[in-house]
S.K.: 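Okay, handing you the structure first.
Remember, it's 1-based here, ligands and their atoms both numbered in the order they're listed.
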Amino acid sequence: MSELERTFVMVKPDGVQRGLIGEIVSRFEDRGLKLVAGKVMQIDDELAREHYAEHVDKPFFDDLSSFITSGPVFAMVWEGQAAVAQVRTMMGETDPADSAPGTIRGDFGLDLGRNVIHGSDTEEGSAAREINLFFDADELQDYERIDEPWLYE
Ligand code: DAT
Ligand code: MG
């Protein structure tokens, strides 16, 4: 088995309102990823600016910030082998219209501005930065899933 990783994942306000939390959590659980943190929370303007710091100067930032602060999100941390990249693959493309059926955005979204889910990108340090932004260290649980010997060689 190669290195275990942790990644930050969030069901966005559209996914919460549409009752998709359970479906999305199920997909990651079924894959074998391990949920190490999760909470329903409200993002404020300041957290939106920090989380989306790379997009603050983009023309779509005001719409993105209004959307992500418009209602509760479900923030999570998932752990597993190559978890960051595996979650991104399972999410699909940024635009649901470009996302293959079978991916979360490809199955549950139609519009770029309502793309249901966030997951850390694969750039070095992104996942750790986002995990620290949303969770205190004592909110992350270290434990073994009983199926781990059957998930990993
Ligand atoms: P991703 O969420 O796939 O990591 P991103 O980090 O490039 O994509 O952008 C963050 C979010 O901003 C994305 O989920 C939807 C929105 N967004 C990105 N590009 C956009 C654009 N050109 N117009 C409108 N919204 C956009
Ligand atoms: Mg991104």
Side-chain angles (χ1 to χ4, degrees), residues 2-137 139-141 151:
S2 58
E3 220 25 38
L4 289 180
E5 290 177 347
R6 287 180 171 179
T7 187
F8 175 71
V9 183
M10 171 167 74
V11 181
K12 294 182 177 181
D14 53 340
V16 173
Q17 292 298 329
R18 293 173 56 206
L20 295 173
I21 293 173
E23 167 72 32
I24 289 168
V25 167
S26 280
R27 288 185 178 212
F28 296 131
E29 276 191 316
D30 290 350
R31 188 76 192 277
L33 293 167
K34 177 162 63 186
L35 185 65
V36 299
K39 60 185 171 188
V40 179
M41 60 175 285
Q42 175 73 43
I43 297 180
D44 63 16
D45 290 345
E46 189 186 343
L47 181 55
R49 289 186 78 82
E50 284 185 83
H51 175 62
Y52 283 128
E54 64 178 316
H55 300 307
V56 163
D57 295 326
K58 306 237 173 95
F60 60 82
F61 179 74
D62 285 348
D63 288 341
L64 176 60
S65 180
S66 304
F67 167 54
I68 210 68
T69 59
S70 65
V73 299
F74 188 59
M76 297 160 274
V77 178
W78 288 91
E79 182 184 286
Q81 185 166 277
V84 179
Q86 295 300 346
V87 166
R88 289 293 301 197
T89 301
M90 292 170 74
M91 283 167 50
E93 303 301 320
T94 300
D95 190 342
D98 298 330
S99 299
T103 64
I104 292 165
R105 287 167 170 169
D107 286 347
F108 300 117
L110 289 166
D111 190 79
L112 175 57
R114 298 288 184 272
N115 63 3
V116 181
I117 186 169
H118 169 85
S120 301
D121 63 48
T122 53
E123 196 175 311
E124 182 73 35
S126 286
R129 186 185 79 86
E130 293 179 352
I131 291 168
N132 289 332
L133 198 52
F134 281 84
F135 289 98
D136 295 330
E139 293 179 293
L140 306 173
Q141 302 300 321
L151 280 164

S.K.: Can you say whether the rings of H55 and F60 are parallel (under 30°), tilted (30 to 60°) or perpendicular (over 60°)?
M.R.: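 Ring orientation of H55 relative to F60: tilted.
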S.K.: Taking all non-hydrogen atoms of both residues into account, name the closest pair between S120 and V84 and its distance.
M.R.: O-CG1, 3.6 Å
S.K.: Among all residues two or more places apart in sequence or in another chain, which pass the ring pair (Phe, Tyr, Trp, His ring centres under 6.0 Å) test with F67?
M.R.: none
S.K.: Any side-chain hydrogen bond (donor to acceptor under 3.5 Å, both in side chains) pairs touching residues 22-32, not counting sequence neighbours?
M.R.: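 Residue pairs with at least one partner in residues 22-32: E23-R27, R27-D107, R31-Q86.
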S.K.: Extract all N/O-N/O pairs under 3.5 Å that connect ligand 1 to the protein, and present each with both atom names and the distance rounded to 0.1 Å.
M.R.:
unit_1, atom_1, unit_2, atom_2, d
ligand 1, 2 (O), R105, NH2, 3.1
ligand 1, 3 (O), R88, NH2, 3.0
ligand 1, 3 (O), T94, OG1, 2.6
ligand 1, 3 (O), R105, NH1, 3.0
ligand 1, 4 (O), R88, NH1, 2.8
ligand 1, 4 (O), R88, NH2, 3.3
ligand 1, 6 (O), H55, NE2, 2.9
ligand 1, 8 (O), T94, OG1, 3.3
ligand 1, 9 (O), H55, NE2, 3.2
ligand 1, 14 (O), K12, NZ, 3.0
ligand 1, 14 (O), N115, ND2, 2.8

S.K.: How would you list, by chain and number, every residue that makes a ring pair (Phe, Tyr, Trp, His ring centres under 6.0 Å) with F61, sequence neighbours excluded?
M.R.: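 Result, ring pair (Phe, Tyr, Trp, His ring centres under 6.0 Å) vs F61: none returned.
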S.K.: Angle between ring planes, W78 versus F28, binned at 30° and 60°: parallel, tilted or perpendicular?
M.R.: tilted
